[in-house]
*Asks:* 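Below you will find the structure I want to go over with you.
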Amino acid sequence: MDVNVPDARLMPATLAPPAAFSGRGRRFAWTLLLLAVAFGAVPAAIVGTGSSYLAQIAITTMIFVILSASLNHVTGTAGLLSIGHAAFYGIGAYAAALLSTKLGLPFIVTLPAAGLIAALFGFLVALPTMRLVSIYFAVATLGIGEMIYVILLNWVDFTRGPMGIRGIPPIELFGWQADTLLSRYLAVAVIAVACVWVLHRLTHSYYGNALRALREDDQCADSMGINVERLKIESFVVATFFAGIAGALLAHTSAYIAPDNFRFMESILILAMVVVGGLGSLPGAVVGALFMIVLPEALRDIGDYRMIAVGATMFLSILLLPKGMLAEGTALGFVRRSFSRGWATIAGGTPVGWK
């Protein structure tokens, strides 16, 4: 008996070089394309034009990519409608601004500290609200968001109220200071890519599958042994952590923040990015952020009519693409095809999740 003959039933799952290589090739091609745009085309445009306006649009877009991706984690993947996300964005911005201006802490400390402080507030908000469902949870986050905005506006001794905080130092890492347009953009872009990558790994994992189960039917998920309340709190805390990171980037790149940067309309803008891009789709959240930031600026030449054009485009995109520009099913299918080698299969070839 030849013991070296492999079991034929296992061959489709373990010996598929063409599929594995093609999946790896697709992954490499798409990753290379996105990195080429983020770190090649955009920096070249900034250097070529020397436009501070273009650089600021690029930086703002990257910051909102983080915000959109983080809100998608809790609203799109976990199914918890939060309409107070800008409040935690503001907490992160004010935390970074106060730590750097009052205590003189460097960026490498203020960046994670801003995320952790925002996550702490998110945890405190989540504890009493996670028993709420549907629209009731959304209204609770709306109330919390407005309350935080009012505190930022009126606590003059601590936040300087409507005057805002000025003189926030720029990004500085190990003696290297991002004091030019290009260096500021590159620093923000690197952090944004890292944040999206972490959220991607969370979303496309067994943990992400549990979040989707929670979104589809929390009672069924509970009956399957998933700790529903704990999972809700965790997803909310993760989203607020990344919102705090985005706030810190805003503070250190603009050198000035004020409460008006974090009003209710900012939360609606972030939610619109997630919905237009595709609820539950991380690539859709990125596309939605690009769409909602770049399109109004591209149409600036038509004056006040640009917002009518943006609104009409949003309406048509939702009407014609109700699941978003890049729906969750499309995004998951792409991930499974592109990363086929890491998608575990059983003997019959049925996909069961990420290794």
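Only this structure's heavy atoms are used, side chains among them; waters, hydrogens and symmetry mates stay out.
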*Asks:* Output the distance between atom OH (Tyr89) and atom CG (Asn261), rounded to the nearest 0.5 Å.
*Replies:*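 Those atoms lie 6.5 Å apart.
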*Asks:* State, yes or no, whether a side-chain contact exists between Thr101 and Ile165 at a heavy-atom distance under 4.5 Å.
*Replies:*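 A side-chain contact under 4.5 Å exists here.
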*Asks:* With heavy-atom distances below 4.5 Å as the criterion, would you say the side chains of Asp222 and Asn227 are in contact?
*Replies:*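 With C-beta onward as the side chain, the pair stays apart.
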*Asks:* Hey, is the main chain of Val74 close enough, under 3.5 Å, to the side chain of Thr77 for a donor-acceptor pair?
*Replies:*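 Between the backbone of Val74 and the side chain of Thr77 there is no qualifying donor-acceptor contact (under 3.5 Å).
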*Asks:* According to a 4.5 Å side-chain heavy-atom criterion applied to Ile, Leu, Val, Met, Phe, Trp and Tyr, with indirect links allowed, do Val139 and Val150 form part of one hydrophobic cluster?
*Replies:*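 Hydrophobic grouping puts Val139 apart from Val150.
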*Asks:* A side-chain contact here means heavy atoms from C-beta on lying under 4.5 Å apart; do Tyr207 and Leu231 qualify?
*Replies:*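 Answer yes - side chains close enough.
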*Asks:* Nearest 0.5 Å, please: how far is CZ in Phe241 from OG in Ser70?
*Replies:*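 Here the rounded value is 11.0 Å.
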*Asks:* Determine the minimum heavy-atom distance between Ala309 and Leu299, stating which atoms define it.
*Replies:*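 Shortest heavy-atom contact: CB-CD1, 3.7 Å.
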*Asks:* Met224, Leu214: one ILVMFWY side-chain cluster at the under-4.5 Å cut-off?
*Replies:*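 No, no single cluster joins them.
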*Asks:* Got a sec, which residues hit ring-ring contact (aromatic ring centres under 6.0 Å, His included) with Tyr185, two or more places apart in sequence or on another chain?
*Replies:*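 Per chain and number, Tyr185 pairs via ring-ring contact (aromatic ring centres under 6.0 Å, His included) with no residue.
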*Asks:* Minimum heavy-atom separation for Ala187 and Ile171, please, with both atom names.
*Replies:*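 Minimum heavy-atom separation between Ala187 and Ile171: CB-CD1, 4.0 Å.
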*Asks:* For Arg212, is there an ion pair with Glu216 - N to carboxylate O distance below 4.0 angstrom?
*Replies:*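 Salt bridge: no.
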*Asks:* Considering non-hydrogen atoms only, spot the tightest contact between Thr240 and Gly122 and give its length.
*Replies:*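 What the structure gives for the nearest pair is OG1-CA, 3.8 Å.
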*Asks:* With side chain to side chain contact (heavy atoms under 4.5 Å, CB included) as the criterion, how do Leu71 and Phe242 come out once you've worked through the C-alpha distance, each side chain's angles and the decisive distance to 0.1 Å?
*Replies:* CA-CA 9 Å; Leu71 183 61; Phe242 285 105; over 6 Å; no
*Asks:* How long is the gap from CG on Leu181 to CD1 on Ile59, to the nearest 0.5 Å?
*Replies:*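 Going from CG on Leu181 over to CD1 on Ile59, the span is 7.0 Å.
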*Asks:* With a 4.5 Å heavy-atom cut-off, do Arg215 and Leu80 have their side chains touching?
*Replies:*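 Result no, sub-4.5 Å side-chain heavy-atom pair not found.
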*Asks:* Just by distance, do the side chain of His200 and the backbone of Val196 share a donor-acceptor pair under 3.5 Å?
*Replies:*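 Absent.
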*Asks:* Spell out, as yes or no, whether a donor-acceptor pair under 3.5 Å connects the side chain of His73 to the backbone of Leu199.
*Replies:*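 Side chain of His73 to backbone of Leu199, a donor-acceptor pair under 3.5 Å: no, none is there.
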*Asks:* With a 4.5 Å cut-off on side-chain heavy-atom distances among I, L, V, M, F, W and Y, is there a chain of contacts connecting Trp155 to Tyr256?
*Replies:*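 Not linked; separate clusters.
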*Asks:* Determine whether more than 12 heavy atoms belonging to other residues, nucleotides or ligands lie under 6.0 Å from atom OH of Tyr53.
*Replies:*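 Yes, enclosed.
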*Asks:* Apply side chain to side chain contact (heavy atoms under 4.5 Å, CB included) to the pair Phe64 and Thr61, showing each step before the final yes or no.
*Replies:* CA-CA 5 Å; Phe64 273 92; Thr61 301; over 6 Å; no
*Asks:* Quick check for you: to the nearest 0.5 Å, what is the distance between Leu282 atom CG and Thr203 atom OG1?
*Replies:*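 It is 5.5 Å, given to the nearest 0.5 Å.
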*Asks:* Answer yes or no: is there a side-chain heavy-atom contact under 4.5 Å between Val286 and Ser68?
*Replies:*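 The answer is no; the side chains never approach within 4.5 Å.
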*Asks:* Using a cut-off of 6.0 Å, state whether more than 12 heavy atoms not belonging to Met163 lie near its atom CE.
*Replies:*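 More than 12 heavy atoms, drawn from other residues, nucleotides or ligands, come within 6.0 Å of this atom.
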*Asks:* Tell me which pairs pass side-chain hydrogen bond (donor to acceptor under 3.5 Å, both in side chains) where either residue lies in residues 156-181, with sequence neighbours left out.
*Replies:*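 For residues 156-181: Thr180-Ser183.
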*Asks:* Drop me the distance from Ser52's OG to Arg184's CZ, to the nearest 0.5 angstrom.
*Replies:*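 With rounding to 0.5 Å, OG (Ser52) is 8.5 Å from CZ (Arg184).
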*Asks:* Can you give me the closest heavy-atom contact between Ile293 and Pro296, atom names plus distance?
*Replies:*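 Taking every non-hydrogen atom into account, O-CD, 3.5 Å.
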*Asks:* In terms of side-chain heavy atoms, does His85 have a donor or acceptor partner in Thr75 at a distance below 3.5 Å?
*Replies:*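 Looking only at side-chain atoms, Thr75 and His85 do not form any donor-acceptor pair under 3.5 Å.
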*Asks:* With the side chain counted from C-beta on, respond yes when Thr253 and Ile63 share a heavy-atom pair under 4.5 Å apart, and no when they do not.
*Replies:*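 Yes, side chains in contact.
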*Asks:* Would you say the side chain of Phe262 lies within less than 4.5 Å of the side chain of Ser267, judging by non-hydrogen atoms?
*Replies:*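 Side chain of Ser267 against side chain of Phe262, heavy atoms only: no contact under 4.5 Å found.
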*Asks:* Would you call Arg300-Glu297 a salt bridge at under 4.0 Å N-O?
*Replies:*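 Salt bridge flag = yes for Glu297 with Arg300.
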*Asks:* Without swapping roles, check the side chain of Ser100 against the backbone of Leu105 for a donor-acceptor pair under 3.5 Å.
*Replies:*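 No: the side chain of Ser100 does not pair with the backbone of Leu105.
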*Asks:* Using the ring pair (Phe, Tyr, Trp, His ring centres under 6.0 Å) definition, which of the options Phe236, Tyr149, Phe121 pairs with Phe88?
*Replies:*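 It is Phe236, the one option of Phe236, Tyr149, Phe121 that forms the ring pair (Phe, Tyr, Trp, His ring centres under 6.0 Å) with Phe88.
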*Asks:* Is it true that a side-chain atom of Thr110 and a backbone atom of Leu99 form a donor plus acceptor pair closer than 3.5 Å?
*Replies:*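 No; judged by distance alone, with no hydrogens or angles, the pair does not exist.
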*Asks:* So, Ser205 side chain and Leu202 main chain: donor-acceptor pair closer than 3.5 Å or not?
*Replies:*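 Flag set: sc Ser205 to bb Leu202 pair under 3.5 Å.
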*Asks:* Are any non-hydrogen side-chain atoms of Met62 and Leu249 less than 4.5 angstrom apart?
*Replies:*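 The answer is no, as the side chains (C-beta and beyond) never meet within the 4.5 Å cut-off.
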*Asks:* Measure the CD-CD1 distance between Gln56 and Ile46 for me, rounded to the nearest 0.5 Å.
*Replies:*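 Here the interatomic distance stands at 10.0 Å.
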*Asks:* Linking I/L/V/M/F/W/Y whenever any side-chain heavy atoms sit under 4.5 Å apart, do Ile268 and Ile135 land together?
*Replies:*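 Yes; Ile135 is reachable from Ile268 via cluster members.
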*Asks:* Report yes or no: do Val294 and Phe291 belong to one cluster of Ile/Leu/Val/Met/Phe/Trp/Tyr joined by side chain heavy-atom distances under 4.5 Å?
*Replies:*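 Looking at the clustering, Phe291 is in a separate group from Val294.
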*Asks:* What are the two closest heavy atoms between Ala178 and Pro170, and how far apart are they?
*Replies:*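 Scanning both residues, the minimum pair turns out to be O-CB, 3.8 Å.
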*Asks:* Considering residues, nucleotides and ligands other than Phe123, do more than 12 of their heavy atoms fall under 6.0 Å from its CZ?
*Replies:*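 Counting neighbours around CZ of Phe123, 12 or fewer heavy atoms of other residues, nucleotides or ligands fall under 6.0 Å, so no.
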*Asks:* Which pair of non-hydrogen atoms, one from Ala285 and one from Asn72, has the smallest distance, and what is that distance?
*Replies:*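 Closest heavy-atom pair between Ala285 and Asn72: CB-CB, 3.9 Å.
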*Asks:* With side chain to side chain contact (heavy atoms under 4.5 Å, CB included) as the criterion, how do Val193 and Phe39 come out once you've worked through the C-alpha distance, each side chain's angles and the decisive distance to 0.1 Å?
*Replies:* CA-CA 11 Å; Val193 169; Phe39 297 104; 4.0 Å; yes
